[in-house]
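Here's the structure, in structure tokens; my notes come after.
Reminder, nothing fancy here: chain letters follow the sequence lines and each chain counts from 1.
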4 protein chains.
Amino acid sequence: MSYDSTYPADNNEWRLNLLEDGPPLRADAQRNRARILDAAETVFAELGANASTEEVARRAGVAIGTVFRHFPTKDDLLTAIMKRLLARLIAEAGELSGPEGLFEFFTRLTAQAAAKRSVVELLARAGVDVQLPQAMTHLEQAVGGLLAEAQSAGTIRPEIQLPEVMALLISLTQGALHGNWPETLRARTLAVIFTGLRP
Amino acid sequence: MSYDSTYPADNNEWRLNLLEDGPPLRADAQRNRARILDAAETVFAELGANASTEEVARRAGVAIGTVFRHFPTKDDLLTAIMKRLLARLIAEAGELSGPEGLFEFFTRLTAQAAAKRSVVELLARAGVDVQLPQAMTHLEQAVGGLLAEAQSAGTIRPEIQLPEVMALLISLTQGALHGNWPETLRARTLAVIFTGLRP
Amino acid sequence: MSYDSTYPADNNEWRLNLLEDGPPLRADAQRNRARILDAAETVFAELGANASTEEVARRAGVAIGTVFRHFPTKDDLLTAIMKRLLARLIAEAGELSGPEGLFEFFTRLTAQAAAKRSVVELLARAGVDVQLPQAMTHLEQAVGGLLAEAQSAGTIRPEIQLPEVMALLISLTQGALHGNWPETLRARTLAVIFTGLRP
Amino acid sequence: MSYDSTYPADNNEWRLNLLEDGPPLRADAQRNRARILDAAETVFAELGANASTEEVARRAGVAIGTVFRHFPTKDDLLTAIMKRLLARLIAEAGELSGPEGLFEFFTRLTAQAAAKRSVVELLARAGVDVQLPQAMTHLEQAVGGLLAEAQSAGTIRPEIQLPEVMALLISLTQGALHGNWPETLRARTLAVIFTGLRP
DNA sequence: TATGAATGAGAGTTCATTCAT
DNA sequence: GATGAATGAACTCTCATTCAT
């Protein structure tokens with residue numbers, strides 16, 4: 001199974017799908033939408049998902065009503081952040097390649113998780129949250145691509161399958177977030193996993 | 001370093017320390033305290049840490065005031081649950097032994113996490129929450145004991161250290177919780193880690 | 001009208017009336033009652049009338065139930081404190097005499113008020129609270145005695161009447177409490193009133 | 001020292017300062033703010049400072065959230081009432097003048113106190129509460145103006161100083177409130193004080 | 001369309017009072 | 001009679017959401 005051969009082609013298509021639904025927005029509305037998402041990402045990263053929507057509005061420099069016009073429900077806002085994050089992750093996975101690509105992806109993700117709470121909460125929702133299945137599938141495909149590449153290059157054992165790779169990815173991300181690990185610990189922990197994956 | 005030689009002796013002492021602070025409670029108060037903790041564990045497992053204290057009271061079959069008499073703050077309640085869970089984990093780790101003891105502990109913990117949200121959120125707080133450091137230390141010691149045993153039996157590579165074992169434990173627990181993994185996936189994921197730990 | 005000639009005689013009687021109603025108490029109960037009243041006086045003086053009954057119990061070194069056995073209602077406790085304070089004030093007024101007796105009483109009361117919130121809140125209730133009319137009457141009589149003495153000695157103008165003396169007493173006490181006046185201000189303020197009372 | 005020469009000029013300025021802080025409010029918000037303050041004044045006057053914020057909301061005809069949007073804390077609400085009352089008192093003091101101005105101010109204040117609990121509790125906080133020092137200073141200045149005028153007109157003894165005048169004002173106001181005095185008693189009590197102040 | 005004030009259900013917490021021990 | 005745990009109504013405060021401006 002080779003994901004990589006098919007991917008480059010529809011890259012753009014699904015990236016767009018992830019970001020836009022509905023009719024195109026007026027210029028200022030689009031700008032506001034982006035500002036809100038940025039602010040929300042920061043706020044939720046700092047304060048957790050319980051942070052108030054007012055705080056998001058404040059940091060975005062818009063009124064609360066504007067937030068709710070763009071995202072009728074707090075959950076919608078959360079989902080939107082997740083979608084955007086997923087899109088970034090997929091893009092990142094898409095840019096990597098080669099025998100060590102998957103390892104590199106693990107490393108980067110874990111490093112980011114230490115800094116960004118949202119990356120984690122996003123991955124955590126995979127399989128649980130009903131609203132992001134499609135985007136999640138795309139990520140799985142991207143990671144699947146890296147896995148296939150590594151396996152055909154012989155850097156990962158052939159019997160390893162995608163689900164456990166995803167599971168490890170999610171676990172590490174979670175752990176890295178909550179544990180607030182120093183750089184060295186992160187490396188040592190990854191080392192164990194890489195050893196487990198390598199032939 | 002051999003934890004195992006010293007542990008069995010004071011096992012009982014610290015187990016008691018974990019569970020009791022303050023003067024002994026009246027019979028009915030003790031019963032209520034236990035009921036509240038049980039209810040809280042269930043409720044928070046089902047609904048997450050945002051579940052209302054009222055709900056806990058309702059399920060425990062006591063009035064809300066009783067909950068607050070025992071745990072003046074919601075946080076106190078959360079902390080108490082954590083302490084109890086930790087104590088259980090430590091007890092469990094203390095009962096295991098032999099070359100495969102640590103692997104068994106990984107397996108059990110991951111299995112529990114899939115069922116109990118709290119196990120996870122507990123471990124997640126390790127190193128973050130200020131209130132549980134002592135109990136956490138005890139768990140680390142217990143796991144350290146298992147690690148030492150495994151390493152001297154040659155089932156785990158000698159360069160592996162306690163911090164990354166804890167990190168892996170926490171990560172997997174988190175992952176198992178949020179991902180809601182089926183039995184087989186759990187096994188396959190653990191297999192990767194075990195391979196990484198074995199010589 | 002000379003209150004003083006009649007007062008010494010029934011001094012004991014009303015003092016007793018003020019303190020006891022109901023059958024005599026067992027020794028330990030009496031001791032507890034006193035401790036509770038002492039504690040309550042302190043607590044309410046420090047924290048205001050909103051202070052919790054638990055706090056009173058704690059400081060008295062008894063359990064909350066004991067407080068409520070002695071004073072079935074928080075209001076009863078408050079009333080009891082008032083009664084005791086009133087009794088003390090009356091006793092103090094009863095011991096004073098001579099042309100400057102009333103002035104001395106003013107001075108002492110104002111000084112106390114600066115230290116004790118309760119003295120004030122007690123006097124403030126005079127005429128408002130329904131529960132203390134009898135004891136209040138006694139105080140009025142005692143002060144009336146001092147007034148009569150001063151007037152017949154010519155140190156207070158004859159047209160001054162008891163009600164305004166009581167009103168001034170109450171006002172100053174209130175003021176001294178809330179204003180937290182330094183010694184000198186207290187003296188200067190009293191001086192104005194004394195000038196107003198003197199011929 | 002002549003307060004009077006400087007006062008009329010900046011009267012308006014500080015009166016505004018007392019009432020407005022922050023950006024201008026929307027019309028409806030301003031209306032609600034006023035309604036809440038009015039309701040609060042009534043409610044606290046009737047029920048004391050322990051009255052519930054819910055009751056205030058009910059009487060103001062707004063939802064509880066609105067009260068808390070305007071006054072994030074119950075204390076803020078209390079403080080706001082105080083400020084408004086002080087502003088009124090200062091305005092009133094500012095409009096009086098002439099040799100009998102101060103006496104008139106005493107009379108009016110005492111009369112109001114008999115009707116409005118809040119006037120009293122406001123003055124009672126003078127020197128105690130940390131939040132109103134500026135406004136209180138303004139009142140002192142206004143009263144100081146009246147005092148100077150009366151002294152230069154010879155209706156008040158020259159050795160009388162501002163602090164004791166304030167102390168008497170506060171005391172009487174307190175007394176008038178709590179004592180619930182009839183009109184005549186109020187007059188007779190004031191008479192004593194006025195005699196004490198006059199040459 | 002953006003604004004931000006209003007809403008109101010619901011959360012955590014307190015405390016006078018009751019009652020089993 | 002003393003104890004102190006249990007009760008539950010009441011209170012302050014928060015926040016997602018609605019809607020007039």
Side-chain angles (χ1 to χ4, degrees), chain A residues 25-29 32 50-58 61-77, chain B residues 23 25-33 36 50-57 60-77, chain C residues 25-30 32-33 50-58 61-77, chain D residues 23 25-33 36 50-57 60-77:
Chain A
L25 294 169
R26 236 168 58 182
D28 57 342
N32 273 345
N50 287 70
S52 84
T53 312
E54 279 271 1
E55 180 63 24
V56 172
R58 193 169 315 128
V62 299
I64 183 77
T66 305
V67 175
F68 276 87
R69 163 167 290 270
H70 284 282
F71 309 97
T73 279
K74 193 186 183 179
D75 236 65
D76 293 335
L77 178 54
Chain B
L25 293 170
R26 234 167 60 181
D28 55 344
Q30 216 158 24
R31 196 168 49 246
N32 274 340
R33 200 190 131 94
I36 290 168
N50 287 67
S52 88
T53 310
E54 281 270 0
E55 179 62 25
V56 172
V62 298
I64 181 73
T66 304
V67 175
F68 277 90
R69 160 170 278 267
H70 286 280
F71 310 98
T73 281
K74 192 186 183 179
D75 234 65
D76 292 336
L77 178 54
Chain C
L25 295 170
R26 235 169 59 183
D28 58 340
Q30 213 159 29
N32 272 344
R33 203 191 128 93
N50 287 69
S52 86
T53 312
E54 280 270 2
E55 179 64 25
V56 172
R58 192 171 314 128
V62 299
I64 182 79
T66 306
V67 175
F68 276 87
R69 162 166 289 270
H70 284 283
F71 309 97
T73 279
K74 192 186 185 180
D75 235 64
D76 293 336
L77 178 54
Chain D
L25 293 170
R26 232 166 62 181
D28 55 344
Q30 216 158 25
R31 197 168 49 245
N32 273 341
R33 201 191 131 93
I36 291 168
N50 287 69
S52 87
T53 310
E54 281 269 1
E55 179 64 24
V56 172
V62 299
I64 183 71
T66 305
V67 175
F68 278 90
R69 160 171 278 267
H70 285 281
F71 309 98
T73 281
K74 192 186 183 178
D75 235 64
D76 292 336
L77 178 54

Point to revise | Set of side-chain hydrogen bond (donor to acceptor under 3.5 Å, both in side chains) partners for D:E55, sequence neighbours left out | key: D:R58, D:R59
**Study point:** Value in whole Å for how far the C1' atom of F:dA2 lies from CZ of C:F71
**Key:** 15 Å
Practice item. Return one dot-bracket line describing DNA chain E 5' to 3' (Watson-Crick or G-U wobble pairs, both distances under 3.5 Å; ( ) same strand, [ ] crossing, | another strand, . none). Key: .||||||||||||||||||||
Revision key, fill the gap. Sorted by chain and number, sequence neighbours left out, side-chain hydrogen bond (donor to acceptor under 3.5 Å, both in side chains) with B:R31 holds for none
Study note, to complete from the structure: Separation of E:dA11 atom C1' from B:L77 atom CG, nearest Å, is 14 Å
Review point. How long is the line joining CG of C:N50 and C1' of F:dA10, in whole Å?
Key: 14 Å
Point to revise | B:K74 NZ to E:dG10 C1', straight-line distance once rounded to whole Å | key: 12 Å
Exercise for review: Return no unless some side-chain N or O of D:T53 is found under 4.0 Å from OP1 or OP2 of F:dT12.
Suggested key: yes
Could you list the donor-acceptor pairs under 3.5 angstrom formed by side chains in residues 60-72 of chain D, with sequence neighbours left out?
none

Give me, pair by pair, the N or O atoms of the protein and of nucleotides 5-8 of chain E that are less than 3.5 Å apart, along with how far apart they are.
{"residue": "E:dA5", "atom": "OP2", "partner": "D:R69", "partner atom": "NH1", "Å": "2.4"}
{"residue": "E:dA5", "atom": "O4'", "partner": "D:R26", "partner atom": "NH2", "Å": "3.2"}
{"residue": "E:dA6", "atom": "OP1", "partner": "D:N32", "partner atom": "ND2", "Å": "2.1"}
{"residue": "E:dA6", "atom": "OP2", "partner": "D:H70", "partner atom": "NE2", "Å": "3.0"}
{"residue": "E:dT7", "atom": "OP2", "partner": "D:A63", "partner atom": "N", "Å": "2.9"}
{"residue": "E:dT7", "atom": "OP2", "partner": "D:T66", "partner atom": "OG1", "Å": "2.6"}

Point to revise | Nearest-nucleotide 5' precedence on DNA chain F, D:P72 against B:V67 | key: B:V67
**Study point:** Among E:dT13, E:dA16, F:dT14, the nucleotide that comes nearest once only the side chain of D:F68 is considered
**Key:** F:dT14
Check your understanding: How far does OG1 of D:T53 sit from NZ of D:K74, to the nearest 0.5 angstrom?
Key -> 5.0 Å
